[in-house]
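Below is one structure, written out as structure tokens; the observations come after it.
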Amino acid sequence: MQWYFYIIIAYLIIANITAVVITVHDKHAARKNRRRVPEKTLLITAALSGCIVMYITMHIIHHKTRKPKFMVGIPVIFIAEILAAVGICALCGVFSA
């Protein structure tokens, strides 16, 4: 395997762990009436490739599940990331025979 494959995997692991930690921290802060994580930060974290794990975490801990911004926005971010990845792969010739 190429060296950049390992860098991508490490990035995705770190991004997803960060998404879980931030989501759980915000839920805990909400229960304790403490300073919350801004919604913008949660959405940016999702956009930086933590969207699937963040979405699953939100459902598990019942956090932000009534907010359309998150329940629609995060899947839209995920679809956009998939389309971007396919587009990049197509431009780089990954799909050529």
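- Here the CG-CD1 distance, from L43 to I74, works out to 6.0 Å after rounding to the nearest 0.5 Å.
- Hydrophobic cluster membership is shared by I60 and V53, with clusters built from Ile, Leu, Val, Met, Phe, Trp and Tyr side chains linked at under 4.5 angstrom.
- Here the straight-line distance linking atom NE2 of H28 with atom CD1 of I61 works out to 11.5 Å at 0.5 Å rounding.
- No chain of hydrophobic side-chain contacts below 4.5 Å, direct or via other Ile, Leu, Val, Met, Phe, Trp or Tyr residues, connects V24 to V37.
- Distance check, rounded to the nearest 0.5 Å: CZ of R34 to NE2 of H25 gives 9.0 Å.
- Distance check, rounded to the nearest 0.5 Å: CD1 of I8 to CH2 of W3 gives 9.0 Å.
- If you take CD on E39 and CZ on F70, they are separated by 4.0 Å, rounding to the nearest 0.5 Å.
- A continuous path of hydrophobic side-chain contacts links I52 to I82 [ILVMFWY only; heavy atoms under 4.5 Å].
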Residues 10-23, side-chain donor-acceptor partners within the protein, below 3.5 Å, at least two apart:
residue, atom, partner, partner atom, Å
Y11, OH, L48, O, 2.7
N16, ND2, L12, O, 2.7
T18, OG1, I14, O, 2.7
T23, OG1, A19, O, 2.7

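- With values rounded to the nearest 0.5 angstrom, L42 atom CG is found 6.0 Å from H63 atom NE2.
- Heavy atoms only, all atoms of each residue included: E81 and A46 are closest at OE2-O, 3.4 Å.
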